[in-house]
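What follows is a short report on a single structure.
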Amino acid sequence: MRMSRLLVRTLREAPADAEVASHQLLVRAGYIRRLASGVYTFLPLGLRVLHQVERVIREELDAAGCQELLLPALHPLELWEQSGRAALFGSDALPAMTVDARGGTFVLGPTHEEVVTVTVGAEVDSYRQLPLTVYQIQVKFRDEARPRFGLLRTRELIMADAYSFDVDKDAMQFSYRTVFDAYLRIFGRLGLDVTPVEAESGAIGGDVNHEFMVPSAVGEDEFVSCPSCGYAANVEAATRRLPERVGGSGAAPTDLVEHHTPGRSAIADVVAYFGDDVTAAAFLKSMAVVDAEGRPTLLLVAGDREARLPSGWRLFDDADFSAHSSLVKGYIGPIGQQADGIRVVADLGVGRDGSWVVGANRADHHLGGALLDRDFTVDEWGSFAQVVTGDHCPRCGEAVQLVRSVEAAHTFQLGYKYSEVMPGSDFVAEDGSEAIFSMGCYGLGVSRLLAVLAEEHHDDRGLAWPTEAAPFQIHLAALGAGRSPEVAEAADRIYDQLVAGGIEVLYDDRDVSPGVKFADADLIGTPVRLVVGAKGLARGVVEWRSRTSGEERELPVDATVSELVGS
RNA sequence: CGGGACGUAGCGCAGCUUGGCAGCGCGCCUGCUUUGGGAGCAGGAGGUCGCGGGUUCAAAUCCCGCCGUCCCGACCA
């Protein structure tokens, strides 16, 4: 590609709406442009990187035995009603993406489990056709409340999503592992340091699932990592263990004392009421929730910890509160809850010795001196506090640390979640009985990967793409070609021969000063820069330079092409 | 959805407090000179000052409403 013809304009300054390095550089180097908040155009350079990433994905998924297809981006709303997710997505997200057209109401597809299940279900009638894993690379739409950081969090995004169909759970787990491994190879080839972590499944559903995390300061996720045993889990799913108890505190039992605490329902406010002698750790945070089975539950966590709501649990809404008069919003406490049919579950940390300050279940009042087992009881113990750095690994007990990261992919063992609700998911099993698919699904954020790659591979001068993702392999710059026919002739010849040799070359044939060419080459970030100039030509060489390492070599003019094409 | 900030030429910004000819740098066009790390000189084009309303002799500037954009939080398939 001759740069004089390429649709690219590099910017010396980043636009004011770009906050993080990846966003600034992708815009400055002319890869992307914003059309609306969270909606981006891929200019030719950006599209080339996108195609490179897609190529790696296709090669690895194809090699793993997956088949590519393309599902519609527009889904009949009925499909979402059949799966029950139209309601699950709530009152705003899905309706915001519905389109009324002649022929019905459609949804701008946010994800494709429903469509793929009915599609494959219509084609597969026998176990002989299984196992089967299909994938697509497709645009998805999400009613993103807050688009952020350029391509990292958008309302329209490109995703590679695979779906496996198997005869039973064991076979599904084998397929899961196959795609899982393919994803690891994809990230490896793209030069990304990825950690698979245990995660919550959210609205996709299913049992076992993993997020593929790339550690990054701009990440919106955090995962818990154990340097000792390798345990890794999203903070939303991570659990901890308490160290062995060495003995009771010996603290004397205290009396239950009522305190008048009007308007102080937040822990920090109550702590302020008590002053310096009591810390947040002495308060019992009591949250009214509905657990995954729909049971009204009181969740207890020490006041200095954040609670972690397991998947499927939700906070009380106003209707729940009016149905349970024993729970007074803002002044909830555990005392006597079982009598009102409320199950009490507590984080392990609540098992410590000593007294607690608790809500009095009476407006504007708290109780001090509450003791476990004397004043309140716990029906079930677990790890319900959000894990923090220094907590103990649930597997090996060593101290864990938190790692900020970007979620690059998410894989799920769905099992029968979709096949039992979507029509056509049945097939005849080997023994002649009727069975339904055991499924897995695997999403990889393709457009987001551009941001992650740019974030991880850049310096203060610009981007520095890994070879597999680079828009071009070689950036060829001719210096002063306008006043030196020899330079122009040599550069043209090298360009033609490199292209003939199958190498993707960006040829800077523009009539601009050397400084501009060097600066643009650094900004655009092609792995190798070749410079043809009068200086080098006089000594019979062209200059080779690595964008990432800065290494420089001189190649004989006549051997340049053969050396580069050969390697 | 809650909190905050911003909106002036393609990009980055000043001007607004105290109302009075719409500016600067980069980029763009023409010419000449220059040419190994974002060149110099000369000339030029480009604006509904986000939109609507109000106050005023006069509004980029003051007031009201709306829209858009970014940041923090909530949410996140």
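Letters A, B, ... mirror the listed sequences (proteins, then strands); counts begin at 1.
Residues A/R483 and A/G109 each lie close to RNA chain B; by heavy-atom proximity, the contact nearer the 5' end of the strand is made by A/R483. RNA chain B is contacted by both A/H23 and A/V516; A/V516 maps to the nucleotide lying nearer its 5′ end (nearest heavy atom per residue).
Going from atom CZ of A/R529 over to atom P of B/G37 covers 11 Å, rounded to whole Å. Note: CD (A/Q138) to C1' (B/A77) measures 15 Å, nearest angstrom. As rounded to whole Å, 11 Å separates atom P of B/A74 from atom CD of A/E220. Distance CE (A/M439) to C1' (B/A77): 14 Å, rounded to an integer number of Å. Protein atom CZ of A/F149 is 11 Å distant from nucleotide atom P of B/C70, rounded to whole Å.
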Please output the side-chain donor-acceptor pairs of residues 409-417 of chain A that fall under 3.5 Å, not counting sequence neighbours, one pair per line with the distance.
from	atom 1	to	atom 2	distance (Å)
A/H410	ND1	A/E407	OE2	3.0
A/H410	NE2	A/N209	OD1	2.6
A/T411	OG1	A/Y176	OH	2.7
A/T411	OG1	A/H210	O	3.4
A/Q413	OE1	A/Q173	NE2	3.4

Side-chain atoms of residues 478-492 of chain A: list all donor-acceptor pairs with protein atoms under 3.5 Å, sequence neighbours left out, distances to 0.1 Å.
from	atom 1	to	atom 2	distance (Å)
A/S484	OG	A/E486	OE1	3.4
A/S484	OG	A/V487	N	3.1
A/E489	OE2	A/R493	NE	3.4
A/D492	OD1	A/Y507	OH	2.7

Less than 3.5 Å apart, which donor and acceptor atoms pair up between the side chains of residues 10-18 of chain A and the rest of the protein, not counting sequence neighbours?
from	atom 1	to	atom 2	distance (Å)
A/T10	OG1	A/D520	OD1	2.9
A/D17	OD2	A/R34	NE	3.2

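A/E220 has a carboxylate O that lies under 4.0 Å from a charged side-chain N of A/R148, or vice versa, which qualifies the two as a salt bridge. Using a 4.0 Å cut-off between a side-chain N of Lys or Arg and a carboxylate O of Asp or Glu, A/D161 and A/K140 qualify as a salt bridge. A salt bridge is absent between A/E144 and A/R155; no separation between the charged side-chain nitrogens and carboxylate oxygens falls under 4.0 Å.
Pairing of B/U17, defined by two Watson-Crick or G-U wobble distances under 3.5 Å, is not identified with any nucleotide. Pairing for B/U56 is absent, with no Watson-Crick or G-U wobble pair whose two atom distances lie under 3.5 Å. Pair check for B/G31 finds B/C41; Watson-Crick or G-U wobble, both atom distances under 3.5 Å. B/U61 is unpaired under the criterion used here, namely a Watson-Crick or G-U wobble arrangement in which both key atom distances are under 3.5 Å. With both pairing distances under 3.5 Å, B/G25 is matched to B/C11 as a Watson-Crick or G-U wobble pair. Pairing for B/G36 is absent, judged as Watson-Crick or G-U wobble with the two contacts each under 3.5 Å. Partner assigned to B/C66 is B/G50, using Watson-Crick or G-U wobble distances below 3.5 angstrom. Using the Watson-Crick or G-U wobble rule with both distances under 3.5 Å, B/G73 pairs with B/C1.
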Salt bridge (charged side-chain N to carboxylate O under 4.0 Å, His left out) evaluation trace for A/R85 with A/E113: CA-CA 10 Å; A/R85 286 211 292 181; A/E113 285 76 22; 2.8 Å; yes
Chi angles and distances behind the salt bridge (charged side-chain N to carboxylate O under 4.0 Å, His left out) call for A/R308, A/E306: CA-CA 7 Å; A/R308 179 186 69 85; A/E306 288 298 317; over 6 Å; no
Chi angles and distances behind the side chain to side chain donor-acceptor pair (under 3.5 Å) call for A/H75, A/W80: CA-CA 8 Å; A/H75 307 171; A/W80 287 77; 3.3 Å; yes
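Candidate nucleotides B/G36, B/G38, B/A77 were compared by shortest atom distance to the side chain of A/V531, and B/G36 ranks first. With B/C71, B/U35, B/A77 as the candidates, the nucleotide lying closest to the side chain of A/P514 is B/U35. Of the listed nucleotides (B/U69, B/A74, B/G38), B/U69 has the atom at the smallest distance from the side chain of A/S37. Considering only the side chain of A/D17, B/U69 comes nearest among B/C72, B/U69, B/G37. Proximity note for A/R12 (side chain, C-beta onward) versus B/G27, B/G12, B/G73: the nearest is B/G27. The A/A519 side chain lies nearest to B/G38 when the options are B/G38, B/A77, B/C72.
Note on ring orientation: taking the six-membered ring where Trp is involved, the planes of A/W465 and A/Y31 are tilted (angle from 30° to 60°).
Contacts of A/G480 with the nucleic acid, taken as non-hydrogen atoms under 4.0 Å apart, are absent. A/P110 comes within 4.0 angstrom of a nucleotide base, judged by non-hydrogen atoms across all strands. Backbone-only contact: A/A16 has heavy atoms under 4.0 Å from sugar-phosphate atoms and none from a base. A/R34 comes within contact range of the sugar-phosphate backbone alone, with a heavy-atom separation under 4.0 Å but no base atom that close. Across all strands shown, A/F141 has no heavy atoms under 4.0 Å from either base or sugar-phosphate atoms.
Side-chain nitrogen and oxygen atoms of A/R148 include at least one within less than 4.0 Å of the OP1 or OP2 phosphate oxygen of B/C72.
By the side-chain hydrogen bond (donor to acceptor under 3.5 Å, both in side chains) test, A/R314 is found to be paired with A/D320, residues two or more places apart in sequence or in another chain being considered. Taking the ring pair (Phe, Tyr, Trp, His ring centres under 6.0 Å) definition, one finds that A/Y331 meets it with A/H366, sequence neighbours left out. Applying the side chain to side chain contact (heavy atoms under 4.5 Å, CB included) test to A/E78 and every residue at least two apart in sequence or in another chain returns A/P76, A/E81.
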Table of protein N/O atoms under 3.5 Å from nucleotides 41-44 of chain B N/O atoms:
none

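Applying the salt bridge (charged side-chain N to carboxylate O under 4.0 Å, His left out) test to every pair with at least one member in residues 36-49 of chain A, sequence neighbours left out, gives these pairs: A/R48-A/E504.
Scanning residues 536-549 of chain A for heavy-atom distances under 4.0 Å to RNA chain B yields A/G536, A/E543. Against RNA chain B, the stretch residues 407-424 of chain A makes no heavy-atom approach under 4.0 Å. Within residues 506-513 of chain A, the residues that have a heavy atom under 4.0 Å from RNA chain B are, in order of number, A/S513.
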Base-contact (B) and sugar-phosphate-only (S) positions in nucleotides 4-10 of chain B, heavy-atom cut-off under 4.0 Å, - elsewhere: -------
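Only one option out of A/R547, A/R545, A/R529 pairs with A/E552 in a salt bridge (Lys or Arg N to Asp or Glu O under 4.0 Å); it is A/R545. Tested against A/Y495, the residues A/L476, A/I474, A/V532 include a single side chain to side chain contact (heavy atoms under 4.5 Å, CB included) partner, A/L476.
To the nearest 0.5 Å, the span separating CG on A/L25 from CG on A/D460 amounts to 10.0 Å. Between A/L449 atom CG and A/L151 atom CG the span is 10.5 Å, to the nearest 0.5 Å. In this structure, CE in A/M213 is found 9.0 Å from OG1 in A/T195, a value given to the nearest 0.5 Å.
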